[in-house]
Amino acid sequence: MPDELDRGSAIHLAATAAWLAGAVAGAWALGWALYWLLQRVSRRSGLVTDFAALTRMPVRVILMVIAARIAFEATVPASVPARGWIDHLFRILMIAAMTWLFAALTLLAERRAIARFVGGGLQVSDADRLQRRVKTQITTLRRLAVAVVVVLGAAAALMTFPSFTQIGTTMFASAGILSVVAGLAAQTSLGSVFAGMQISFSDAVRVGDVVVLEGEWGRIEEITLTYVVVQIWDERRMILPTTYFTKTPFENWTRRTTELLGTVQLDVDLTAPVDAMRAELNRLLAASDLWDGRSSGLVVTDAVDGYLRVRITVSAADSGALFNLRCAVREGMVEWLQRTYPEALPRWRVEQPPASVRNGDSGLGSDTKTPAYAQ
């Protein structure tokens, strides 16, 4: 008799497993069919394309959980001891899958908003300054929404446990004390979150802005709620907390416009032809595609130690073009001086003392000492 019972239990267990496997496979096939149908429809709609791409997996998981739960309830009697905790497991899986789906929907909302308000590629120019601002704000809101969805999903899963329900009632009863403790414990983290929201919506810095901070030139690559990623010119990444941008001064070269002025300094001989250098500068700028035509000039800013310090001012459309233009002007001016006015390059002047001094006679009497440089 026990053998017959064991055999019957094994057969029932095998049947339950078969029903579960069949239900999961059917749900997976249904999800695949829905995705195939959306692919055919999405050829004429970008919204449907993004929806199909972002919600494909969470929708399939939801269908599989629903199918598995229906098959389990249909094949396993309520008197089975394990029925309770397996039902509980299905509830938790459904909450997790729904949380995943809502997070995917926030990604969908972000993608469609960026496609509508920002458009295509991200170029650093004055024309897309508003677009980069909108992109930064939308991305920040998406991250905040995903964090809220995950927290609510975790809270919903925990509330399925009776012990956590009692803890929740106790927490509401002592909300005053807990709020003070949580505020003290999370002061730094909350400060970073609020700083991230502040820099995103105050338009102080945006994704794609060119900045100078900590002595490094770079471009804002990513802004999160707690940190900012800056891509340095040599492709290093500098990770800074969001509070850095609310407490520390920094340079933003694309805050309002991208046009910049730059200088090139040269030390030349006192005999250098300044007017000819101005003419050569104008020729170099006229032949360069990097110069935007806004500003140019050449002035002598200092004359000390036998040199003239010449400052050249040029303008360009953005920081990258300005750097290349400064290098081109510096190389062009030096090459022109070497070729045309080599005597205008910096030189050391050594003046020989009179012959009488070199012979030991200073002409001031026999008691006069010979200068040190003539010895």
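Computed from heavy atoms alone, side chains included, the values below leave out hydrogens, waters and symmetry copies.
Comment: Arg237 engages Glu221 in a salt bridge, judged by a side-chain N to carboxylate O separation of less than 4.0 angstrom. Ionic pairing of Glu222 and Arg143 is present here: one or more N-O contacts between side-chain nitrogen and carboxylate oxygen are shorter than 4.0 angstrom.
Residues Ile66 and Leu93 are members of one and the same hydrophobic cluster, defined by side-chain heavy-atom contacts under 4.5 angstrom among Ile, Leu, Val, Met, Phe, Trp and Tyr. Under the 4.5 Å side-chain contact rule for hydrophobic residues, Leu141 and Val151 do not share a cluster. Taking hydrophobic clusters as Ile, Leu, Val, Met, Phe, Trp and Tyr residues chained together by side-chain heavy-atom distances below 4.5 Å, Tyr307 does not share a cluster with Val299. When hydrophobic clusters are built by joining Ile, Leu, Val, Met, Phe, Trp and Tyr residues whose side-chain heavy atoms come closer than 4.5 Å, directly or via intermediates, Val228 is grouped together with Trp217. No chain of hydrophobic side-chain contacts below 4.5 Å, direct or via other Ile, Leu, Val, Met, Phe, Trp or Tyr residues, connects Leu261 to Leu281.
The two residues Pro58 and Ala97 come nearest to each other via the heavy atoms CB-O, 4.4 Å. Smallest separation of non-hydrogen atoms from Leu290 and Ala316: O-CB, 3.7 Å. Across all non-hydrogen atoms, the minimal contact from Arg326 to Gly262 is CD-CA, 4.2 Å. Considering all non-hydrogen atoms of both residues, Val205 and Ile223 come closest at O-CD1, 3.9 Å. The two residues Gly153 and Thr99 have their closest heavy-atom pair at CA-OG1, 3.4 Å.
Within a 6.0 Å sphere centred on CG of Asp234, heavy atoms belonging to other residues, nucleotides or ligands number more than 12. Within a 6.0 Å sphere centred on OH of Tyr244, other residues, nucleotides and ligands contribute more than 12 heavy atoms. For Phe102, the CZ atom is loosely surrounded, since the number of other residues' heavy atoms within 6.0 Å does not exceed 12. Counting heavy atoms of neighbouring residues, nucleotides and ligands inside a 6.0 Å radius, atom CZ of Arg311 does not exceed 12 of them. Under a cut-off of 6.0 angstrom, the local environment of CZ in Arg278 is crowded, with over 12 non-hydrogen atoms contributed by other residues, nucleotides or ligands.
To the nearest 0.5 Å, atoms OG1 (Thr301) and CD (Gln265) are separated by 5.5 Å. Thr55 OG1 to Leu108 CG: the interatomic distance, rounded to the nearest 0.5 Å, is 7.5 Å. Distance CG/Leu240 to CZ/Phe245: 5.0 Å, rounded to 0.5 Å. Once rounded to the nearest 0.5 Å, the distance linking OG of Ser315 with CG of Leu325 reads 8.0 Å. Note that CG of Leu105 is 13.0 Å distant from CD of Glu110, once rounded to the nearest 0.5 Å. A distance of 9.0 Å separates CD of Glu343 from CG of Leu337, quoted to the nearest 0.5 Å.
Arg309 is not listed as a side-chain neighbour of Val304, based on a closest heavy-atom distance of 4.5 Å or more. Side chains of Pro346 and Asp269 form no contact here, defined as non-hydrogen atoms less than 4.5 Å apart. Looking at heavy atoms from C-beta onward, Val314 lies in side-chain contact with Leu322 at the 4.5 angstrom threshold. A 4.5 Å side-chain heavy-atom check between Arg219 and Val211 finds every atom pair outside the cut-off. At a threshold of 4.5 Å between non-hydrogen side-chain atoms, the residues Trp32 and Arg56 do not count as touching.
Without hydrogens or angle criteria, Asp318 side chain to Ala321 main chain gives a donor-acceptor distance under 3.5 Å. Side chain of Thr258 to main chain of Thr254: no donor-acceptor pair is present (N/O by atom type, distance under 3.5 Å, no hydrogens or angles). In this structure, the side chain of Trp253 does not engage the main chain of Thr257 through any donor-acceptor pair within 3.5 Å. For the pair Asn282 (side chain) and Ala279 (backbone), a donor-acceptor distance under 3.5 Å is absent. One N or O on the side chain of Asn252 and one on the backbone of Ala204 form a donor-acceptor pair closer than 3.5 Å.
Using a 3.5 Å distance cut-off with no hydrogens or angles, the side chains of Glu280 and Tyr341 do not pair a donor with an acceptor. Residues Gln338 and Trp336 bring no donor and acceptor atom of their side chains to less than 3.5 Å of each other.
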Could you walk me through whether Asp292 and Glu259 pass side-chain contact (heavy atoms from CB on, under 4.5 Å), step by step? CA-CA 9 Å; Asp292 61 0; Glu259 291 87 356; 4.1 Å; yes
Run the numbers on Val207 and Thr139 for side-chain contact (heavy atoms from CB on, under 4.5 Å), then give the verdict. CA-CA 10 Å; Val207 173; Thr139 303; 5.9 Å; no
With side-chain contact (heavy atoms from CB on, under 4.5 Å) as the test, would you mind laying out the steps for Leu107 and Arg142 before giving the verdict? CA-CA 7 Å; Leu107 294 176; Arg142 189 266 301 169; 3.4 Å; yes
Applying side-chain contact (heavy atoms from CB on, under 4.5 Å), run through Cys327 and Phe323 and close with a yes or a no. CA-CA 6 Å; Cys327 294; Phe323 179 80; 3.9 Å; yes
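For the side chain to side chain contact (heavy atoms under 4.5 Å, CB included) test with Met333, the passing option among Val268, Leu284, Val264, Val310 is Leu284; the others fail.
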